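Below is the structure I would like to discuss, written out as structure tokens.
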Amino acid sequence: MVDLSTISITEKAAEKVKYFAARDNMETFGVRVGVKGGGCSGLMYNLDIASEAQPNDKIIEEHGVKIFVDKKSYVFLAGTILDFSDGLNGKGFTFHNPQAKTTCGCGVSFSA
Amino acid sequence: MERSPLFELQRRMGASFGEAFGWELPWAFSNVLEEYETATQGVALLDRTYTGRLKATGKDALDLINRLSTNKLEDLSQGQGMSTVLTSNKARILDFFVVLRLDEHLLLLTSPQNRQKVAEWIDRYTFLEEALVEDITDTTVMLSLVGPKAPDLLKELAGMRLEGLSLYHWINASIGEVDVMVIRTDCAGVTGYDLVIPANDGERVWEAILQEGSDLGVKPIGMETLDIMRVERGVPLYGRELSEKINPLEANLRHSISFNKGCYIGQEVVTRLDTYKKVQKHLMGLVVESDTVAKPDAKLMMDGKEAGFITSAVRSPALGKHIALAYVRSAHARAGVKIGVASEEGEVIAEVVELPFSS
């Protein structure tokens, strides 16, 4: 059941965020998600492990991990589930966004 | 309707006015044949203040606009510029404009009717980037010097030899004791330079040009002559050849597309159309074989089926004929094809030619 009022993170993705933060010896951390213009369909996803939130960020917490998202990106990401797939055919961090109307052939860009 | 700060001065000079792009503009100062000769043999002065001028500041502005348009803007150094197409995700043309790199910011020269659309589009795709767009059209004036003697005139006015200034490169100069930005743009398809001037100094520079350039025969010209010149040289105009129904490959804008720069909005569609040769129509020239002036939007017919449409039509002094720019379906888009043009007098025959027209 998609909750369009928030952004969620799966347990697997949360564990991966914690792994990267520990690897970089970060005392405080969160995962910054956002949207960037460009990419063949119009928008691209941005993901970063950040030490703290920015002043106007929305902060969501799940599975022990904070998600930081700027307000403008949040409009396009509401309802998104951040997941992680590993292994040989794994794509790494992936965004499942119910708002994405079209995507490009390489899967990197979307429009909403 | 908008007016240039030089409107009153031009009215006093006897210009006749007309409307284009939501502006009241000088249509002609003398007669078309005289103005045409001045612009193609000597040097002519044009007021192109109606062109959109947007100032983009912020360290991410160049990267952002690079991601939203077709050309490789990341290659630009200070003093350089390039043309680029702002495309939708379906590779339709939102605008065709020039980006100039200055020391602390970028200057965008947009189509006149699109300056707000371009600013809003860039803002829409600005998230965490440090990038801000400001419309400076109302605080500046833009005058153009066009014709083969334009470099000679600039040497007299500004003491600089500018023949070697490459297309869309720019320098600072002083004309009539006013600091102006001189940009090589060849706007009508002939040698030409745009001068960007603070609005309050527009009249002063206009008068300095006419006075100091009198020995070179510089004269002001209007929109009617400009339109004839750009049609003869196949220069597309937004609202005629360019619109959100057209993609850049159809419109002969290949020179403004980078095929190796990576992602931008619409990139996949442009590449696919190009790779699989799926471009369905091409911008071509038409020479109309009768005295009828073909009209914009007139349909083209081949064997009873629609084969395209006209976008602009003028009478060419150089060719002594009626000519047009038209989108022609790919199957017929080659020189020598005879095609029917629907007109009030019935169908007239035109010959498809490559652009630019040659006399």
Side-chain angles (χ1 to χ4, degrees), chain A residues 7 29-60 66-80 82 91-95 97-112, chain B residues 56 58-74 84-92 94 99 118-133 244 247-249 257-276 278:
Chain A
I7 299 172
F29 68 91
V31 59
R32 164 168 297 291
V33 296
V35 158
K36 193 167 150 169
C40 20
S41 288
L43 298 170
M44 298 185 287
Y45 297 110
N46 241 3
L47 184 144
D48 220 345
I49 312 290
S51 55
E52 58 191 14
Q54 300 296 324
N56 292 319
D57 278 347
K58 198 167 163 64
I59 304 175
I60 299 147
K66 291 193 174 73
I67 304 171
F68 308 140
V69 55
D70 67 276
K71 293 209 165 78
K72 197 166 172 184
S73 293
Y74 184 77
V75 172
F76 296 94
L77 291 177
T80 296
L82 178 62
K91 292 186 198 166
F93 284 106
T94 52
F95 290 77
N97 186 344
Q99 294 192 64
K101 281 205 283 261
T102 63
T103 55
C104 71
C106 56
V108 167
S109 178
F110 72 102
S111 71
Chain B
K59 66 176 177 55
D60 301 318
L62 188 68
D63 176 62
L64 174 59
I65 301 170
N66 188 51
R67 282 185 262 125
L68 304 183
S69 71
T70 56
N71 216 345
K72 208 167 181 185
L73 302 181
E74 58 201 320
T84 191
V85 187
L86 196 72
T87 36
S88 68
N89 63 346
K90 302 252 191 303
R92 300 302 173 91
L94 299 170
V99 177
V118 171
E120 283 175 359
W121 185 261
I122 295 171
D123 181 64
R124 177 172 158 179
Y125 286 99
T126 305
F127 289 85
L128 292 179
E129 291 88 352
E130 267 186 48
L132 199 63
V133 175
E244 293 185 26
N247 73 59
L249 291 170
I257 300 172
S258 166
F259 286 92
N260 63 6
K261 70 175 245 189
C263 281
Y264 58 88
I265 300 183
Q267 180 260 341
E268 200 174 58
V269 175
V270 170
T271 306
R272 198 161 55 225
L273 285 172
D274 189 49
T275 301
Y276 296 114
K278 292 280 192 190

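All values reported here derive from a predicted model rather than from experimental measurement. Here is the naming used below: chain letters follow the sequence lines, and residue numbers restart at 1 for every chain.
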With distance as the sole test, does A:K72 use its side chain to make a donor-acceptor pair with the main-chain N or O of B:T126 at under 3.5 Å?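 Here the side-chain-to-backbone pair exists.
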From B:K90 atom NZ to A:S41 atom OG, the distance as rounded to the nearest 0.5 Å: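 Taking NZ in B:K90 and OG in A:S41, the distance rounds to 8.0 Å.
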Which atoms of B:R272 come close to chain A, meaning under 4.5 Å heavy atom to heavy atom: side chain ones, backbone ones, both, or neither?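 For B:R272, there is no contact with chain A at all, as no heavy atom is under 4.5 Å.
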Name the option with the most non-hydrogen atom pairs under 4.5 Å to chain A; the candidates are B:T87, B:I265, B:N66.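 Highest number of heavy-atom pairs under 4.5 Å: B:I265.
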Taking all atoms of both residues into account, what is the closest heavy-atom pair of B:E268 and A:C40, and its distance?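 So the minimum-distance heavy-atom pair works out to N-CB, 3.6 Å.
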Given a strict heavy-atom distance threshold of 4.5 Å, which part of A:S111 is in contact with chain B: side chain, backbone, both, or neither?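 Only the side chain of A:S111 comes within 4.5 Å of chain B.
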What's the spacing between B:R67 CZ and A:K36 NZ if we round to 0.5 Å?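 B:R67 atom CZ to A:K36 atom NZ measures 4.5 Å (nearest 0.5 Å).
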Picking from B:L64, B:L128, B:L68, which has the most non-hydrogen pairs under 4.5 angstrom with chain A?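 The residue among B:L64, B:L128, B:L68 with the greatest pair count is B:L128.
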Within the 4.5 Å heavy-atom criterion, are A:L43 and B:Y125 side-chain neighbours or not?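 They are in contact (side-chain heavy atoms under 4.5 Å apart), so the answer is yes.
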Are B:N89 and A:K101 packed together at the side-chain level, in the sense that at least one heavy-atom pair is separated by less than 4.5 angstrom?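 A side-chain contact under 4.5 Å is absent here.
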Using a cut-off of 6.0 Å, state whether more than 12 heavy atoms not belonging to A:N56 lie near its atom CG.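 12 or below, so no.
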